[in-house]
Amino acid sequence: MTESTLWYYLIPLFPLLAASWLAISYLFFNNRGEAGEKHTARVASLASLASLLLLLAVDMLALWQGVPGQTQALTWFNAGDYHLSFSLRLDTLGLSIGTLVALIAFLSTRFSINYLHREAGFQRFFMVISLFTSAMLLIVLAGNALLAFIGWELAGVSSYLLIGYALDRPNATKNANRAFVTNRIGDAGFILAMAFSLLWWNSLEWPVILENAQQHSTLAVGVVALGFLLAALAKSALVPFSPWISRALEGPTPSSAIFYGSLMVHAGVYLVIRLQPLWEQVPLFMILLAVLGALTALYGFLSGLVQTDVKSSLMFSTTGQVGVMFLLCGLGYFTLAAWYLALHAIWRAYQFLHAPALMHLVSRPARPVPAWMQRCPKLYIAALQRFWLDSFADAVWVRPLSLMARDVQAFDDRIVNRMVGLPGATGVYPTLSGHQSDQRIGHARGMAGRLLQWVAAWSYWFEEQLILRGGGEGLLSVLNRLGKSFDKLDYLLSQPRYLLLMVVVTFAVIL
């Protein structure tokens, strides 16, 4: 990596450094409450602004000298035929969407300063927003699947933290878990695609994956494409993964705007556009993209007609529009889908950020249900129930995965922790008489832990019963009595009759 390209990597690094600094200052420098709001807002704003200015500088250079294209960074792993590195893909698509991401992130950050003034979680919010900005820039600018997956995971963690922003509200934490579990299904698909790409093609670089997709068998390309498709469907909340995003509006309005209205909801669309040659090699997946996109557009349109609050109406409208983007990709209009993504992201960000002010100006009730839907009561009920996708998702993956997580936790507590001897609940010292002492010790698990616990318990009894006691008790008293007994024995053995007896016994033993 040359010095001329080194500064490219500062684009996603600035927000990440800001998030790290805000976390450190919160933990160690008491950057909390209203007194720390100014410092927190300044750090988050300057970091997002720095990324935006750097991207604009790259855009200017691209117009003058041409796009940089694929840039290689330091090597992360190199063994045999496997070579993994941190690289960026600064082509027309990446620079365009990356600049849009940085701009919307900066505007949302600035908007949030006054919106969240005197909120209890002010510092926590801006830390997560900065982390999310870095994640989205990694997804968009990544030159390989590895770096994109890092951003993919950071965006999922940020989403979980902001959905559950109101820690005291059970619905917020419940919906955060719902979103987290659903996105883990997509993450599994992403990992599957990376594993087979590395196994068959020895690389995770986007150009290598797309080049091999045009040269290898349809089966190999189909397996890799299936993994990436699953990741895109879950992240962009397409049918049947749509329920999680409508439940993700528990967070503050700025997070709804930047996460689900304009940026993260389009991450799956961006991945599909980035991997265009991959889908074109498997016509079945093109058909699947079109069908699922059409179903999601219909689901978002019908469910949005019966919503009674602004944020839910906007969210279902967003879901429907994302479905249209997938439909366009399935029909082969990838460039049109990219333009649609950019314009829709700008419009949704404005709508979500403008919604709180709009509610103060509008006094009319919610939009009535259309007449044609009123004449179809079954369709109206289905739309109210969101076509029962919420119950389906809970039954098929949310509840089973939650129960599996509990089973794994129980296995760790009852089996793994005991085998390795990790400390658990407290125990008590035994005493010689069988009674338990009031002094408590750690209750160890595992063979080694139990042996150490037994030694400690009896060492404590020895110290308490025989050494620490005074007033004629304890070890000193025992030693005094034992000394007197030895004195009596020595006096008896010194008598002539006992001496003669010892001589007789000695001769008897010799004979």
Side-chain angles (χ1 to χ4, degrees), residues 9-56 98-139 150-151 153-169 172-173 176 179-180 248-264 311 349-350 352-357:
Y9 300 90
L10 296 176
I11 297 172
L13 187 60
F14 274 132
L16 183 61
L17 292 177
S20 303
W21 170 250
L22 291 177
I24 293 172
S25 62
Y26 183 86
L27 292 175
F28 300 105
F29 300 107
N30 200 28
N31 179 27
R32 304 181 183 185
E34 187 176 354
E37 288 186 4
K38 186 175 181 180
H39 172 75
T40 300
R42 183 184 295 115
V43 170
S45 300
L46 289 177
S48 59
L49 179 61
S51 296
L52 175 60
L53 293 178
L54 283 176
L55 270 169
L56 291 175
T99 304
L100 179 64
V101 167
L103 176 61
I104 294 177
F106 172 68
L107 294 177
S108 299
T109 301
R110 293 297 302 171
F111 176 88
S112 304
I113 295 173
N114 292 330
Y115 189 87
L116 291 169
H117 177 52
R118 294 182 178 176
E119 283 283 340
F122 187 93
Q123 284 77 12
R124 176 162 49 94
F125 177 87
F126 281 92
M127 180 190 69
V128 179
I129 282 291
S130 299
L131 183 65
F132 172 75
T133 302
S134 177
M136 283 302 304
L137 290 173
L138 282 176
I139 293 173
I150 294 174
E153 287 298 290
L154 290 177
V157 171
S158 304
S159 174
Y160 171 79
L161 294 175
L162 282 185
I163 296 173
Y165 175 79
L167 301 176
D168 56 336
R169 295 174 58 183
T173 55
F180 188 81
L249 300 176
E250 294 287 343
T253 295
S255 67
S256 300
I258 192 173
F259 274 82
Y260 318 113
S262 60
L263 295 186
M264 198 181 80
K311 288 179 69 173
Y350 168 77
F352 269 94
L353 295 178
H354 186 62

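Bear in mind the structure is a predicted one, so any value in this text is a computation, not a measurement.
- Rounding to the nearest 0.5 Å gives a distance of 9.5 Å between OH of Y115 and CG of L353.
- Using the six-membered ring where Trp is involved, F122 and F126 have ring planes that are tilted, between 30° and 60° apart.
- Between H39 and V43, some side-chain heavy-atom pair lies under the 4.5 Å cut-off.
- Within the 4.5 Å cutoff, the side chain of L137 has heavy atoms near those of the S51 side chain.
- In this structure, CG in L263 is found 8.0 Å from OG1 in T133, a value given to the nearest 0.5 Å.
- Using a 4.5 Å cut-off on side-chain heavy atoms (C-beta onward), F14 and L54 make contact.
- When side chains are defined from C-beta on, L162 counts as touching I129, because their heavy atoms get closer than 4.5 Å.
- To the nearest 0.5 Å, atoms OH (Y165) and CG (L116) are separated by 5.0 Å.
- Here the straight-line distance linking atom OG of S112 with atom CG of L107 works out to 10.5 Å at 0.5 Å rounding.
- To the nearest 0.5 angstrom, I11 atom CD1 is 14.0 Å from L16 atom CG.
- Taking all atoms of both residues into account, the shortest heavy-atom contact from A155 to A135 is N-CB, 3.5 Å.
- For residues 117-128, the side-chain hydrogen bond (donor to acceptor under 3.5 Å, both in side chains) pairs, not counting sequence neighbours, are E34-R118, E37-H117.
- Summarising the geometry of I163 relative to A179, their closest heavy-atom pair is CD1-CB, 3.6 Å, with the distance given to 0.1 Å.
- Side chain of S48 to main chain of S45: a donor-acceptor pair is present (N/O by atom type, distance under 3.5 Å, no hydrogens or angles).
- No more than 12 heavy atoms of other residues, nucleotides or ligands shown are found within 6.0 angstrom of CZ on R110.
- Among all heavy-atom pairs drawn from T109 and A105, the shortest one is OG1-O, 2.7 Å.
- Separation of atoms CG (L27) and CG (L22) is listed at 11.0 Å; rounding is to 0.5 Å.
- Using a 4.5 Å cut-off on side-chain heavy atoms (C-beta onward), F111 and F352 make no contact.
- A distance-only check finds a donor-acceptor pair linking the side chain of S134 to the backbone of P12 [under 3.5 Å].
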**Message:** Assess the residue pair L100 and I104 against the criterion (side-chain contact (heavy atoms from CB on, under 4.5 Å)); give the C-alpha distance rounded to whole Å, side-chain angles, the decisive distance to 0.1 Å, and a yes or no.
**Reply:** CA-CA 6 Å; L100 179 64; I104 294 177; 3.8 Å; yes
